[in-house]
Number of protein chains: 2
Amino acid sequence: MVELSPPQLDTVFHALGDATRRQMLRHLAEGERTVGDLAKPFAMSLAAASKHIKALEAAGLIHREVRGRTHLCRLAPGPLASAHRWLGFYERFWTERLDGLERLLREEDARRTRTPEGDKR
Amino acid sequence: MVELSPPQLDTVFHALGDATRRQMLRHLAEGERTVGDLAKPFAMSLAAASKHIKALEAAGLIHREVRGRTHLCRLAPGPLASAHRWLGFYERFWTERLDGLERLLREEDARRTRTPEGDKR
DNA sequence: GGCATATTCAACTGCATGGTTGAATTATCC
DNA sequence: GGATAATTCAACCATGCAGTTGAATATGCC
């Protein structure tokens, strides 16, 4: 919901830049999971998985509720929404592809002339 | 457009996990830029900026065209679109927030019963 | 209390990353 | 050809990260 600051975006995108952590998010999308549950699918120590979970938590991507001796994790969609909206800024570049800007650039390419809309240098 | 493999998503999200590189993408959204143009706003050596640009290039986020002794960079929106769609999978979690699943989870929280839809463990 | 379970902490290792500087490369200009 | 400009390369350094193992901390169970 809220606009994330650059350092927050750093940690969110960094957390997403690891297949293990993305897989954990997928599992959490099916429902809440304990640390042990999240670690099970991976061929790594529990301590290593715990670190991944802490990375997700630090990024605000999951919340943890300590229930007795188990820690229950669930998805926290806010930062995902922010990252999604951050990428949405560039949506015009792939929706206008091949009819708008992109074609202009390619034509410019062919002509080998100087930069057309890159005037704001 | 195309679905990115996990290693590709790794490099894309990793590239996005740095404020300098995200800023470079913002500049490229305004039009094509040379390596020197992209480096100018930052208080770092050209060599360092060059490495950032190579990271963006490796992730497929930009394309480079060597024109004489200058290298012209432009945005390549494909991987951004893929990352956007990857995040889109979780959209239901922030759109259904506070009326659907999220409320169920919170109610479950209050009742302190065992996991409701987390049956696929 | 005593034992097993769930999770983290601490210390260590190997490797990647982001930065530096100085030299090398390639192209343009005169 | 020689000087200048744009960019990369190579070597190096500090830091951070992902993984390990072994000990520590709680909690639950009998």
Let me confirm one number: the [atom1]-[atom2] distance from [X] to [Y], rounded to the nearest 0.5 Å.
X: B:Cys73; Y: B:Arg33; atom1: SG; atom2: CZ; value: 11.0 Å
X: B:Glu32; Y: B:Leu28; atom1: CD; atom2: CG; value: 9.5 Å
X: B:His52; Y: B:Leu38; atom1: NE2; atom2: CG; value: 11.5 Å
X: B:His14; Y: B:Leu16; atom1: NE2; atom2: CG; value: 10.0 Å
X: A:Leu72; Y: A:His63; atom1: CG; atom2: NE2; value: 13.5 Å

Exercise. Hey, which sits more toward the 5' end of DNA chain D by its nearest nucleotide, A:Arg69 or B:Ile53?
Key: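 Final value for this comparison: B:Ile53.
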Next item on the list: Indicate, with yes or no, if the rings of A:His84 and B:His84 have centres closer together than 6.0 Å.
Entry: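 When the ring centroids of A:His84 and B:His84 are compared, they turn out to be within the sub-6.0 Å range.
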Quiz prompt | Nucleic acid contacts of residues 44-51 of chain A, taken as heavy-atom distances under 4.0 Å to DNA chain C | solution =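 By residue number: A:Leu46, A:Ala47, A:Ser50, A:Lys51.
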Hey, can you pull the residues of residues 12-20 of chain A with a non-hydrogen atom under 4.0 angstrom from DNA chain C?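 Within this stretch, nothing sits under 4.0 Å of the strand.
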**Item:** Positional range of nucleotides in DNA chain D within the contact set of chain A, heavy-atom, under 4.0 Å
**Value:**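 That gives a stretch of D:dA18 to D:dG28.
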Could you tell me the separation between the [atom1] atom of [X] and the [atom2] atom of [N], rounded to a whole number of Å?
X: B:Phe42; N: C:dG18; atom1: CZ; atom2: C1'; result: 14 Å
X: A:Leu72; N: C:dA6; atom1: CG; atom2: C1'; result: 12 Å
X: B:Lys54; N: C:dG18; atom1: NZ; atom2: P; result: 14 Å

Measure the acute angle between the ring planes of A:Trp86 and A:Phe13, then classify it against the limits of 30° and 60° as parallel, tilted or perpendicular.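 Taking A:Phe13 first and then A:Trp86, their aromatic rings stand perpendicular (interplane angle over 60°).
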Item checked: Geometric cation-pi criterion A:Arg74 and B:Phe93, 6.0 Å radius, 45° cone ->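 No, a cation-pi geometry is absent between A:Arg74 and B:Phe93.
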Report yes or no: does [X] contribute a side-chain atom to a donor-acceptor pair with the main-chain N or O of [Y] at less than 3.5 Å?
X: A:Arg21; Y: A:Ala15; answer: yes
X: B:Tyr90; Y: A:Ala81; answer: no
X: A:Arg22; Y: B:Pro6; answer: yes

Respond yes when some side-chain nitrogen or oxygen of A:His71 is under 4.0 Å from OP1 or OP2 of C:dT8, and no when none is.
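Yes, within the criterion.
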